[in-house]
Amino acid sequence: QVQLVESGGGLVQAGGSLRLSCAASGSIFSINAMGWYRQAPGKQRELVAAITSGGSTNYADSVKGRFTISRDNAQNTVYLQMNSLKPGDIAVYYCQMQMTVAGLSPTYVEVWGQGTWVTVSS
């Protein structure tokens, strides 16, 4: 069984910073892409940032220049550094990983974290 555990969310003033972390544990062979998504109240979940196993990144236009995604392959962890936060960034943030896990045979799965709230006061 594979589990993703997120941390780092909370309340911050506009213009402030937060760093989210997401660590994977379990019978993991390899992790391919890692990403962060968010879902604001009343809106659909959207991709915020993603990073491939080779380190290539892509970002939503709304966060380019403010957010940075990174990964630590040795720790099976992905991070999201969020700077210059705005009220428009308020949402539940979810990490997602695409990985190959152990089983009767190696299996490709997509796993989601439990979500963490990010709230920005104006």
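As the structure is a computational prediction, the values presented were derived from the model and not from experiment. Count residues from 1 along the sequence. As a basis for the values below, the full set of heavy atoms in this structure was taken, side chains included, without hydrogen atoms, waters or symmetry mates.
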With sequence neighbours left out, what residues match [X] under side chain to side chain contact (heavy atoms under 4.5 Å, CB included)?
X: Val12; answer: Leu18, Leu85, Val120
X: Gln75; answer: Asp72, Thr77
X: Gln114; answer: Glu6

Task: Qualifying disulfide (SG to SG under 2.5 Å) pairs with a residue from residues 33-67, counting only residues at least two apart or across chains - done: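 Pairs touching residues 33-67 that pass the test: none.
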TODO: Hey, could you give me each pair passing disulfide (SG to SG under 2.5 Å) that has a residue in residues 81-122? Not counting sequence neighbours.
DONE: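 Those involving residues 81-122 are Cys22-Cys95.
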Task: Trp112: ring pair (Phe, Tyr, Trp, His ring centres under 6.0 Å) partners, not counting sequence neighbours - done: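 Residues passing ring pair (Phe, Tyr, Trp, His ring centres under 6.0 Å) with Trp112: Tyr37.
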Open item on the list: Applying salt bridge (charged side-chain N to carboxylate O under 4.0 Å, His left out) as the test, list every pair that has at least one member in residues 93-103; sequence neighbours left out.
Closed with: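 Non-adjacent pairs meeting salt bridge (charged side-chain N to carboxylate O under 4.0 Å, His left out): zero.
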Task: Where at least one partner belongs to residues 14-26, residue pairs that pass side chain to side chain donor-acceptor pair (under 3.5 Å), sequence neighbours excluded - done: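 Qualifying pairs: Ser17-Asn83.
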Open item on the list: Give me each pair satisfying side chain to side chain donor-acceptor pair (under 3.5 Å) with a member in residues 94-108, each pair once, sequence neighbours excluded.
Closed with: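 As it turns out, the side chain to side chain donor-acceptor pair (under 3.5 Å) pairs with a partner in residues 94-108, which skip direct neighbours, are Gln96-Glu110, Gln98-Tyr108.
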Kindly give the heavy-atom pair with the smallest separation between [X] and [Y], and that separation in Å.
X: Ile31; Y: Arg71; value: O-NH2, 3.2 Å
X: Ile28; Y: Met99; value: CG1-SD, 3.9 Å
X: Pro87; Y: Ala14; value: CD-CB, 4.4 Å

Point-to-point distance, once rounded to the nearest 0.5 Å, from [atom1] of [X] to [atom2] of [Y]:
X: Tyr93; Y: Leu80; atom1: OH; atom2: CG; answer: 7.5 Å
X: Ile90; Y: Trp117; atom1: CD1; atom2: CH2; answer: 8.0 Å
X: Leu20; Y: Thr116; atom1: CG; atom2: OG1; answer: 6.5 Å

- [ ] Decide whether Tyr79 and Trp36 are clustered together by the hydrophobic rule: side chain heavy atoms of Ile, Leu, Val, Met, Phe, Trp, Tyr closer than 4.5 Å, transitively.
- [x]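 The answer is no; the residues belong to distinct hydrophobic clusters.
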TODO: Group every Ile, Leu, Val, Met, Phe, Trp and Tyr by side-chain heavy-atom contacts under 4.5 Å, then state whether Phe29 and Val101 land in the same group.
DONE: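 In one cluster: no.
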TODO: Begin from the C-alpha positions of Asn76 and Met97 and carry the test side-chain contact (heavy atoms from CB on, under 4.5 Å) through to its verdict.
DONE: CA-CA 10 Å; Asn76 290 337; Met97 297 187 187; 5.7 Å; no
Review item, side-chain donor-acceptor pairs of residues 47-57, under 3.5 Å, at least two apart:
| residue | atom | partner | partner atom | Å |
| --- | --- | --- | --- | --- |
| Thr52 | OG1 | Gly54 | N | 3.3 |
| Thr52 | OG1 | Gly55 | N | 3.3 |
| Thr52 | OG1 | Ser56 | N | 3.1 |

Task: Residue list, side-chain hydrogen bond (donor to acceptor under 3.5 Å, both in side chains) with Gln39, at least two apart or on another chain - done: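 Here no residue qualifies.
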N/O donor to acceptor pairs below 3.5 angstrom from side-chain atoms of residues 59-70, sequence neighbours left out:
| residue | atom | partner | partner atom | Å |
| --- | --- | --- | --- | --- |
| Tyr59 | OH | Ile69 | N | 3.0 |
| Asp61 | OD1 | Lys64 | NZ | 3.1 |
| Ser62 | OG | Arg38 | NH2 | 3.3 |
| Arg66 | NH1 | Ser84 | O | 2.9 |
| Arg66 | NH1 | Asp89 | OD2 | 2.8 |
| Arg66 | NH2 | Ser62 | O | 2.9 |
| Arg66 | NH2 | Asp89 | OD1 | 3.0 |
| Arg66 | NH2 | Asp89 | OD2 | 3.4 |

